[in-house]
Enquirer: 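The following block contains the structure, expressed as structure tokens.
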Amino acid sequence: MSTFERVEPRVRFPELEARILAFWREADVFRRSLELRAGAPEWVFYEGPPTANGKPGIHHVEPRTFKDVYPRFKTMTGHLVRRKAGWDCHGLPVELEIEKEIGTSGKRDIEAFGIAAFNARCRESVQRYVGDFERLTERIGFWIDLSEAYWTMSTDYIESVWWSLKRLHQRGLLVEADKVTAYCPRCGTALSDAEVALGYRVVEDPSVYVRFPIVESPDPSLVGGSLLVWTTTPWTLPANTGVAVAPDEPYVQVRRAHEALVLARSRLQQTLGEGWTIERTLPGSAIVGTRYEPPYANVEGAHRVVAADFVSMEEGTGLVHLAPAFGALDLEVGRREGWPVVKPVGDDGAFTEEGPPFVRGLFVKDADPKIVDDLRKRGRLVRAEAYEHSYPFCWRCATPLLYYARTSWYVLTTRIKDRLLEVNEEVNWYPEHIKHGRYGNWLENNVDWALSRDRYWGTPLPIWRCPAGHDTAVGSLRELGELAGRDLGDLDPHRPAIDEVRIRCPFEGCGAEASRLPPVIDAWYDSGAMPFAQWGYHPELGRGIEEFERSFPADFISEAIDQTRGWFYTLMAEGVLHFDSTAYRNVVCLGHIVDRDGRKMSKSLGNVIDPFDVLDRQGADALRWFLLTSGSPWSSRRVSLEVFDEIVRRFLLTLWNVYAFFVTYAIADGFDPEATPPPPLEERPVLDRWIWSELQLTVAEARERLEAYDATAAGRRIERFVDDLSNWYVRRSRRRFWNPGGEPSPDALAAFHTLHGCLVTVAALLAPFTPFIAEELWRNLAAGRSGHPDSVHLADYPEPDPAAIDPALGTAMAEVRRIVELGRRVRVETRIRTRQPLRAAVVDRPAGSAGLAALVDLIAEELNVKAVRFADRASIGRWRAKPNYRALGPRLGARVQALARALADDDGSIAGRLAAGETVAVTVGDGAVELAPSDVELTREVGVGWGCGERGRPRRGARPRDRRDPRA
RNA sequence: GGGCCUGUAGCUCAGCUCGGUUAGAGCGCUUCCCUGAUAAGGAAGAGGUCGAUGGUUCAAGUCCAUCCAGGCCCA
């Protein structure tokens, strides 16, 4: 009966991981890891809900790995870390997926299909994709409670969101306003700024210069001429109500033949070119008040020139066409001037009856050429050309967006901007520059949050309006039932059921029938509400209060960098709006995973790596280890399937080999860690004390780096330890494990205990990073022994033993390894194989320095020499000195270069005296410099008759070898 | 157009906070060694205008400025 299970030297990690997953399931380890910490201080983690739309890609594994490593670490250091999964269910992406499925295009089609049927499909789609995400989550070993996940489409969640919206409405922070927003005529909805930003493309649009004939002016000499107006959206000309000028810029009236035009002086050359005479120059303010004949007659009382501060002198003519329906600035000016909003375009983006007859029914962009033709025919066109610029398109359906005055609901986040900035100061960002860089800038430029969406699959805006215009915000189904006079407890709060609920307007003395306003809300609001809504938090219903208060704000969140404008913002905004607090204290902000050419992974490029390909081939540990330790987590990282092979070979197999080596010989020698007590550390051989000291340093650094949210540095330190363990400790100790048959000797016992202890500690160190292989090692080496729990994930994270740290030994061993490396090189260079024993190796170091004496056996064994001698310095070669720039630079300034030349010319006499510890005066230029030994770095040149390896700064130590009598 | 990040060997990346004169690692490639961890291990070699230019400095991969390229975010 063996103490340890035999270990297959050939390991298939995906199969191993399947076994571990089964163990975790059967032994219920995740739940027990929480129970173990019941009553411990909580460390709060929030899961940013993935949008359950589309299959998960490898870029979903990255945040999920970081969301796993820190909670696991914190659990192992004695915290209770509850982990509630979540799914983002609503939103346009889900709708578009269904539109594709059922072959609809646009809102009319959806309504014909039926909102009830459409939303049912959306719900099914979400559930289907959540299944894929759950499978991935489990497979990568991301421990999170999937059974208790919050779904943003659940009734409790929606009611919680309603509660928050009702409060905003009561506080006057949720308002309806006419604003110009980017609007997709195909999807039939306004887009958020973030969505708009997704779809900029460089396109060619017409650039037209149009005459606006002047009919009346404060300066009568202008009458008879025309304003020269520039636009790249001819289709907006039918909505023109005014022209803006820069009041302080000089404008000119120019003439050629019978034509007189007015434009900015600085734009003349580029727009009209040669052949025009300047008749007069006047400031923009002198043109203000001028009336003109609009390109298309529409309303009375407008069509004037006004002053504005946004008129550019970089392009155009300095005379800006204003169409309040189609531009934010235009609308602002129009309001100020009292102009009506001319809106000749319908929600579908086509001209209505209010447009000129020849474009009615045409999509606006298709109307451009017709309008240009019409202007030309009517003699209004001065010039038309193609103009290349970037223009936003719908990020989902590629329809050109229109800027469009529409009624929308807004959360007045500009009112809390200062508080957001304050609260941001309390947050630790990793990397730090995001705080005042990308994220801070975003907060500085805060605009009100356009919350409503004229769509179907989303949290319905809970506002009911009666014919008298009274708006009532409703906070729950119970409240809605009371207002409607019937029990609505079982109602699905989604459209269309909710649309059918009519209430009696509760306004004083009104009582008219009120119906819900049609919009749903931005899905980003849903996810930003998760700190409270995940618990169905609802003070009025007495629900989720304790859970929320216990877990707000979060200690830790982590997502990719694109969330600065997404979840990082909505989470914080809602934290401040509802609770006047940040929603999180530490954020790990990750870079993107890109393909081998540095391109973003996207379905359309076909460069997406399916995470299951990696998981089936190299396994979850390899994938996780790559994400955690390779490159910098905050910069984008290139991946290909091959990079994971390297992880397996370089790290996982190295560790596995050590593990398999240990188990093989432990079984062969009958080693049982419990049967024989470990020898006291001070009685173990120096190599054991060295690796044990390194282990303590590794433990200390891993803990420190993980506390600082730097899993990358922690992981790299562990990897270096494993390399030391494999390629130096085991390499040098191998023979100590060979005791076939007999009882292990005391030396073998020390080796077995040391290696066993290292492997058990490494398993615990690695548990948060590579939970599968860590568990495998633990299960075989530690579980059930010495009171260890049956899973590494129920263990405490290792603590360093400061008493075992021996810095001098570490330095000496590093020196020994360098000496050995040099010795091996000498053997190669002199072509004397290592299997050929030699009489001596001579090391050019003072004997006994840095504790080397204790380690000479290692050198001798490794190099296969009978003795290691330390050199009689004078006997070998001569000394050379180089300036120690760090010391001499500040003292000598430019003369340091002359000194360097002097030392280069030295025949060894100066350097020799310095090496002997003397202070030497060296002539440099016109003066002398006193050099102390510490002012130079000394190296050796070695004479003939020696095989020699040399290592330069900062550690001298030329290492010559005697080759005069090679045969021993 | 603006903000932030990135640019170091064929590939993936350290080093840049705090400047020090021969810029490192792993992988890949070539040659060789080892053969009781062997789908391992060791040594050597080739391979770099540290994105470009200018500046500060005795000294710049590192600091400053400008520019170029890529990414993300915002217009």
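We name chains A, B, ... by the order of the sequence lines, and we start the count at 1 in each one.
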Enquirer: For the P atoms, the ones on B:rG10 and on B:rG1, what distance do you get once it is rounded to whole angstrom?
Expert: 33 Å
Enquirer: Between A:N780 and A:Y659, is any side-chain donor less than 3.5 angstrom from a side-chain acceptor?
Expert: yes
Enquirer: What nucleic acid atoms does A:T664 come within less than 4.0 Å of, heavy atoms only: base, sugar-phosphate, or nothing?
Expert: nothing
Enquirer: Given the C1' atoms of B:rU62 and B:rC33, what is the spacing between them in whole Å?
Expert: 39 Å
Enquirer: Using atom P in both nucleotides, what's the gap between B:rG54 and B:rG71 to the nearest angstrom?
Expert: 28 Å
Enquirer: Can you tell me how far C1' in B:rU53 sits from the matching atom in B:rA60, rounded to whole Å?
Expert: 15 Å
Enquirer: Could you give the distance separating B:rG24 and B:rA65 at their C1' atoms, to the nearest angstrom?
Expert: 29 Å
Enquirer: Reckon A:R649 touches a base, only the sugar-phosphate, or nothing at all at heavy-atom distances under 4.0 Å?
Expert: sugar-phosphate
Enquirer: Please report, rounded to the nearest Å, how far the P atom of B:rA14 is from the CZ atom of A:R717.
Expert: 19 Å
Enquirer: Distance check needed: B:rG26 P versus A:D724 CG, whole Å only.
Expert: 13 Å
Enquirer: Take atom CD1 of A:I647 and atom P of B:rC11, then tell me their distance rounded to the nearest Å.
Expert: 19 Å
Enquirer: Determine which nucleotide pairs with B:rG41, using a 3.5 Å limit on both distances of a Watson-Crick or G-U wobble pair.
Expert: B:rC33
Enquirer: Nearest whole Å is fine: how far is B:rA25 P from A:E719 CD?
Expert: 15 Å
Enquirer: Any side-chain N or O of A:R731 below 4.0 angstrom from OP1/OP2 of B:rG42?
Expert: no
Enquirer: Can you see whether A:N446 engages A:T413 through a side-chain donor-acceptor pair at a distance of less than 3.5 angstrom?
Expert: yes
Enquirer: Let me know the distance between OH of A:Y430 and C1' of B:rC4, rounded to the nearest Å.
Expert: 20 Å
Enquirer: Starting at atom CZ of A:F661, determine the distance to atom P of B:rG41, rounded to an integer number of angstrom.
Expert: 15 Å
Enquirer: Would A:R717 and A:T698 count as having a side-chain donor-acceptor pair, cut-off 3.5 Å?
Expert: yes
Enquirer: Taking only the C1' atom of each, what is the distance from B:rG28 to B:rC11 in whole angstrom?
Expert: 7 Å
Enquirer: What's the CG-P distance between A:L725 and B:rG41, to the nearest Å?
Expert: 14 Å
Enquirer: Strictly by Watson-Crick or wobble contacts shorter than 3.5 Å, is anything paired with B:rC4, and which nucleotide is it?
Expert: B:rG71
Enquirer: A:R565 has an atom CZ; how far is it from atom P of B:rG3, in whole Å?
Expert: 13 Å
Enquirer: Going by purine N1 to pyrimidine N3 plus the second Watson-Crick contact, or the G-U wobble pair, all under 3.5 Å, which nucleotide sits opposite B:rU22?
Expert: none
Enquirer: Please give the distance between the P atoms of B:rU6 and B:rU49 as a whole number of Å.
Expert: 22 Å
Enquirer: Using the C1' atom on both, measure B:rG61 against B:rU22 and round to a whole Å.
Expert: 14 Å
Enquirer: Sort out the partner of B:rC63 for me: Watson-Crick or G-U wobble, both distances under 3.5 Å, none otherwise.
Expert: B:rG55
Enquirer: Answer yes or no: is there an ion pair linking A:D723 with A:R650, defined by an N-O contact shorter than 4.0 Å?
Expert: no
Enquirer: Mind checking if A:N657 touches a base, just sugar-phosphate, or nothing, with heavy atoms under 4.0 Å?
Expert: base
